[in-house]
Amino acid sequence: MDIKKSQQDVESATDNSKDSSLGRRDFFRKTAALSVTALAGTSLLASEEAGDPAILEPTPWGTKWGDPVTKNLYGMPSKYEHNVTRRYTKLLASGNFRASIAVTPLQESSGIITPNGLFFSRCHGGVAHIDPNEHRLMITGLVEKPLVLTMKQLKRYPSVTRTHFIECPANGGQEWRGPQYNSLQFAKGFMSCAEWTGVYIKDILKDLGVKKEALWMLAEGGDSSKMGRTIPMEKVWDDAMIVWGQNGEALRPEQGYPIRLLVPGWEGNLCVKWLRRLDFASEPWYCKEETSKYTVLKPTGKAIQHFYANEVNSTVTSPSPEIDWTDLEDGDIVEIEGLAWSGMGTITGVDLSFDGGKNYVEAKLKGLVLPKCWTRWSYMHTYKKGQELFLTSRARDDAGYIQPTVDQEILTVGVEAVYHRNAVETWKVEKDGKITHVEVRSQLGRKANGELVIEGKA
Ligand SMILES: Nc1nc2c(c(=O)[nH]1)N[C@H]1C(S)=C(S)[C@@H](COP(=O)(O)O)O[C@H]1N2
Ligand SMILES: [Mo]
């Protein structure tokens, strides 16, 4: 290619562009000349009017064959999304990563469904890999007709599909004494939401004849942890399910393949994975997970036991420490987005504060609003460069609850509770657009001039 000639072409095109009457056809001619220059590999810089080379130049992926359809028979995300993964923390790992947790990148979530490869995974004895042909579910105890089911037999019951979140009750529990992580993923990623397919346990029980003394149901896992939890019969007769489907495919091993218990809205620990036994009795079993663990110690020294529902809660997902506003210009219009959820019902509204909870405006609920399910919310905001903000969201549900302030929650349950934290949470937008996780002590910590006391910078 004659480089000199293409340079001339560019020069004349640039000259043309000074003519404000430049027609559409001239514009295309101009851009064509520029892309020739780029291909010829000259050091000539495209003028600003030339536009973005990323749209003007031929791309390798647009000019060569792509992969054959035989290459990825089970699809994976784009390699450019390699950073979007679960992340693990030493926090709940008692010395190894088999009794551990990997948390969901909520900052990258869209809509209300967590893809299966990103669903948080909390295991007390590692991930079991169960052969479904060898696996059985035993239903026993105070029933007329005890039963052992193969997976095939179980799946013959009429199935239902429901969208619900699962949240570990320890979600946010590291932060009773103030923010620990400058990260949404680590602060709130002990939860995920999926579309589940399975059977209501009440539909199986119709056939079995439950004795009237049966007031509690034990669920036991087939993994090495032998996780056991007891669930009151009211919940079983309401909406407890055995599920085998997760977002249109089989449960992932991390989620309890081939079957798990789903106790919609109640603490994740009750959703026993790798389920192998349901046992009915007149009293709770008082397993480890409902005595020494998963109880809430109050300042009085007494503990709340059988604390089940994850109460109304919310978080701002964008901006977040991971997705900041450092690239915004003054006056840019930006969407503030978040999630709200309640294990006691349906989200009725979300309020958003820019001053750490002093004043609130109402956000808009987006998309499907379902019971015991993530609900996405949004608020359009005009960014003011250099302005500090304290973004706090506060959700409400149709059970009549609203998220407490940090002080309200600490006054009732103290700081030793660990589980079931649902006080509001605050992101500070710094002058440069960075986001910092802070805690606003709204009642105890207001100075005489009304200024809020901000604690625990991460
Ligand atoms: N059998 C069994 N079930 C289990 C667990 C376990 O370790 N073994 N972990 C529990 C805990 S503490 C939580 S929070 C949820 C997590 O579900 P997930 O791993 O699908 O996110 O599963 C619960 N069910
Ligand atoms: Mo958990």
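The model shown is predicted, which means the values in this text are computed figures rather than measured ones. In each ligand, atom 1 is the first atom listed, and ligand 1 is the first ligand listed.
No side-chain N or O of W216 forms a donor-acceptor pair with one of E283 less than 3.5 Å apart. N310 and E267 share no donor-acceptor pair across their side chains, judged by distance under 3.5 Å alone.
D324 contributes no side-chain N or O that, together with a main-chain N or O of K434, makes up a donor-acceptor pair within less than 3.5 Å.
When heavy-atom distances to ligand 1 are checked against 4.0 Å, the residues falling inside are F119, F120, S121, R122, C123, H124, C168, G221, D223, S225, M227, E254, Q255, R260, G268, N269, C271, V272, K273, W274, Y294, ordered by chain and number.
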Fill in: Full working for ring pair (Phe, Tyr, Trp, His ring centres under 6.0 Å) between W274 and Y257
CA-CA 6 Å; W274 309 289; Y257 179 87; over 10 Å; no
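Checked against side chain to side chain contact (heavy atoms under 4.5 Å, CB included), I55 has the following partners two or more places apart in sequence or in another chain: D52.
Salt-bridge check for R86 with E254: passed, with a basic side-chain N closer than 4.0 Å to an acidic carboxylate O.
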